[in-house]
Amino acid sequence: MSLIAGSYERFIWGFKLKPLTHDPPSQSLTLTQIFSYPSHIAPITTVAAAGPAAASGSSDDTIHIYDLSSAASLGPLHHFSSSITSLSFYCPPNLSFPRNLLSAAADGTISIFDTEPFVLLKSFRSHKKCINDLAVHPSGKLALSVSRDGCLAMSNLMRGKRSFCCRLGKEATIVKFDGSGERFFMASEEKIGVHLAEDARLLFELDNQKRVLCAAPGEGGILFTGGESRSITAWDTNSGKVAYCIEDAHSTRLKGIVVLTKDGGSDDEPYLVASASSDGFIRVWDVRMAVKEKPNPLAEANTKSRLTCLAGSSLKSSKRPRIGKSTPKEEDVAEEV
């Protein structure tokens, strides 16, 4: 299992989660650093990982690609004229290597990349203002995005264009699909709306009391959230109630949550959730323990930097990511709203 984190200080951090040879009483795993260096020339805003491939986006208008299996940087993608605000890999259920990488930018554009090798397939404008977040449906056929223009947009990834847009009552900062794709979640300040994907109907709202900065769907209808509360809250999205909570998981706000065993985890593995905070710590938790009492982290690493984002991968693949040199046709780039 691998974790990748970005920081305000421009550093990218890579870790492998491994069992300890000699288990101390409180921890059974360790986070082993595999790389750390300033990969961008501006703060890193978003990261994504799937299989051996990882990517980071920054306000320096570039995306950097990494091979986690060899702990190597493969170089940047230069196709942008504004900050990268969100990244998401699409990995079909029957594959262990991602098929596409999607990026969202501050100028309202969404870009679609092939991953074998990394080449730009299509770029189109989905919003009039900065895109806050992007979520790819498990089918890989469509994506949802929320923006500072106060709109929710749906994009047809097969055709590479926006197919639907509606104005929200207030600006949303996070959008996520659940594992089945039948529901999606939108966060605005301290509220998270649970919606049906079929017609976007609001089922109910989850009240976090403090601003939500990160979220990750888990198994069985669980949604993990974190933010200004400094805690990891597990919501039962079937009932709208809190299933359990890890109070004071960090000393400052949470900036990233990853469900490590969501994809391909074996039955004997613990239910692992990783969290990253502005305090510089990355921590790994067995959330089964949180149902009974406040758990101690199974592993932690102190980056001594202001972390801004976190991603993880538990998939294994023999393929190696690489960057291509081909470019898209002129008519495939930057369609206007």
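The figures here come from the full heavy-atom set of this structure, side chains too, leaving out hydrogens, waters and symmetry mates.
- From Leu68, atom CG reaches atom OG of Ser313 across 6.5 Å, with rounding to the nearest 0.5 Å.
- In this structure, Lys18 NZ and Ile34 CD1 are separated by 8.5 Å, a value rounded to the nearest 0.5 Å.
- Every salt bridge (Lys or Arg N to Asp or Glu O under 4.0 Å) that Asp133 has, sequence neighbours left out, goes to Lys176.
- When all heavy atoms of Cys214 and Gly256 are compared, the closest pair comes out as SG-N, 3.5 Å.
- Ser277 places a side-chain N or O within donor-acceptor distance of the main-chain N or O of Thr252, the cut-off being under 3.5 Å.
- Closest approach of Ser188 to Ala172, counting heavy atoms only: CB-CA, 4.2 Å.
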**Request:** Go through Ile12 and Val47 one step at a time and tell me if the side-chain contact (heavy atoms from CB on, under 4.5 Å) criterion holds.
**Result:** CA-CA 9 Å; Ile12 192 76; Val47 289; 3.8 Å; yes
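- For the pair His250 and Leu254, the tightest heavy-atom approach, listed with the atom from each and the gap, is CD2-CD1, 3.7 Å.
- Rounded to the nearest 0.5 angstrom, Leu196 CG and Leu203 CG are separated by 4.0 Å.
- Qualifying side-chain contact (heavy atoms from CB on, under 4.5 Å) partners for Ala104, counting only residues two or more places apart in sequence or in other chains: Thr85, Ser86, Ile131, Leu134.
- No donor-acceptor pair under 3.5 Å is formed between the side chain of Asn208 and the backbone N or O of Lys210.
- In this structure, Ser163 contributes its side chain and Met154 its backbone to a donor-acceptor pair below 3.5 Å.
- Each of Leu202 and Val175 belongs to its own hydrophobic cluster when Ile, Leu, Val, Met, Phe, Trp and Tyr are linked at side-chain heavy-atom distances under 4.5 angstrom.
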**Request:** Could you please spell out the steps behind the side-chain contact (heavy atoms from CB on, under 4.5 Å) verdict for Leu77 and Ile65?
**Result:** CA-CA 8 Å; Leu77 302 175; Ile65 305 299; 4.0 Å; yes
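- Side chains of Ser275 and Phe224 form no contact here, defined as non-hydrogen atoms less than 4.5 Å apart.
- Side-chain N or O atoms of Arg183 include one that pairs as donor or acceptor with a backbone N or O of Thr237 at under 3.5 Å.
- Of the candidates Thr30, Leu272, Leu3, Leu17 forms a side chain to side chain contact (heavy atoms under 4.5 Å, CB included) with just one, namely Leu272.
- With sequence neighbours left out, the ring-ring contact (aromatic ring centres under 6.0 Å, His included) criterion links Phe281 to no other residue.
- In this structure, Leu310 and Ile4 have side chains that are not in contact, with every pair of non-hydrogen atoms separated by 4.5 Å or more.
- Hydrophobic clustering keeps Trp235 apart from Ile222 (ILVMFWY residues linked when any side-chain heavy atoms are closer than 4.5 Å, directly or through intermediates).
- Ile44 and Ile63 sit in two unconnected hydrophobic clusters of ILVMFWY residues. Membership requires side-chain heavy atoms under 4.5 Å apart, directly or through other members.
- The side-chain contact (heavy atoms from CB on, under 4.5 Å) search around Ser111 returns Phe80, Ser103, Phe113, Leu120, Ser123, not counting sequence neighbours.
- In this structure, Glu182 contributes its side chain and Ala197 its backbone to no donor-acceptor pair below 3.5 Å.
- Distance alone, capped at 3.5 Å, places no donor-acceptor pair between the Ser231 side chain and the Thr233 backbone.
- Here the closest non-hydrogen pair linking Ser155 and Ile110 is OG-CD1, 3.7 Å.
- Pairs engaging residues 164-175 under the side-chain hydrogen bond (donor to acceptor under 3.5 Å, both in side chains) rule: Asn132-Glu171 [sequence neighbours left out].
- Distance alone, capped at 3.5 Å, is enough to place a donor-acceptor pair between the Asp61 side chain and the Ser83 backbone.
- Put simply, Ile84 and Tyr8 are part of two different groups of oily side chains (I, L, V, M, F, W, Y) that touch within less than 4.5 Å, one to the next.
- Of the N and O atoms on the side chains of Thr303 and Ser305, at least one donor lies less than 3.5 Å from an acceptor on the other residue.
- Here salt bridge (Lys or Arg N to Asp or Glu O under 4.0 Å) pairs that include residues 274-284, with residues two or more places apart or in two chains, are Arg283-Glu300.
- The NE2 atom of His64 lies 6.5 Å from the OG atom of Ser73; values are rounded to the nearest 0.5 Å.
- In this structure, Leu223 CG and Asp178 CG are separated by 9.5 Å, a value rounded to the nearest 0.5 Å.
- The structure places CZ of Phe164 at 9.5 Å from CG of Leu144, a figure rounded to the nearest 0.5 Å.
- Between the side chains of Ser7 and Thr308, not a single donor N or O lies within less than 3.5 Å of an accepting N or O.
- Residues Leu307 and Ala276 share a closest heavy-atom pair of CD1-CB, 3.9 Å.
- Side chains of Asn156 and Phe124 form no contact here, defined as non-hydrogen atoms less than 4.5 Å apart.
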**Request:** Evaluate the criterion side-chain contact (heavy atoms from CB on, under 4.5 Å) for residue pair Leu168 and Met186; output intermediate values, then yes/no.
**Result:** CA-CA 10 Å; Leu168 305 171; Met186 281 195 301; 3.9 Å; yes
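- At least one donor-acceptor pair under 3.5 Å links the side chain of Ser147 to the backbone N or O of Lys129.
- No side-chain heavy atom of Phe185 sits under 4.5 Å from any side-chain heavy atom of Ile174.
- Of the possible donor and acceptor atoms, none in the side chain of Ser2 sits under 3.5 Å from a partner among the backbone N and O of Lys16.
- Among residues at least two apart or in separate chains, salt bridge (Lys or Arg N to Asp or Glu O under 4.0 Å) pairs with a member in residues 228-257 are Glu228-Arg253, Arg230-Asp248.
- Residues in residues 184-201 take part in these salt bridge (Lys or Arg N to Asp or Glu O under 4.0 Å) pairs, two or more places apart or across chains: Lys191-Asp207, Asp199-Arg201.
- Listed by first then second residue, pairs satisfying salt bridge (Lys or Arg N to Asp or Glu O under 4.0 Å) with a partner in residues 137-154 number zero, not counting sequence neighbours.
- Under the 4.5 Å side-chain criterion, counting only non-hydrogen atoms from C-beta, His127 is in contact with Ser145.
- The two residues Phe89 and Pro98 have their closest heavy-atom pair at CD2-CB, 3.6 Å.
- Side chain of Ser36 to main chain of Trp13: no donor-acceptor pair is present (N/O by atom type, distance under 3.5 Å, no hydrogens or angles).
- Scored by the ring-ring contact (aromatic ring centres under 6.0 Å, His included) test, Phe177 finds His137 as partners (sequence neighbours excluded).
- Screening residues 41-60 for side-chain hydrogen bond (donor to acceptor under 3.5 Å, both in side chains) gives His40-Ser56, His40-Asp60, Ser56-Tyr66, Ser58-Asp60, Asp60-Thr62 as the qualifying pairs, with residues at least two apart or on separate chains.
- The side-chain heavy atoms of Asp107 and Arg125, taken from C-beta on, include a pair separated by under 4.5 Å.
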**Prompt:** Going through the checks in order, is the side-chain contact (heavy atoms from CB on, under 4.5 Å) test met by Phe15 and Val284?
**Reply:** CA-CA 12 Å; Phe15 293 90; Val284 179; over 6 Å; no
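- Remark: Ala290 engages Tyr244, Ile246, Pro295 in a side-chain contact (heavy atoms from CB on, under 4.5 Å) (not counting sequence neighbours).
- Hydrophobic clustering of Ile, Leu, Val, Met, Phe, Trp and Tyr side chains at less than 4.5 Å, counting indirect connections, unites Ile192 with Phe204.
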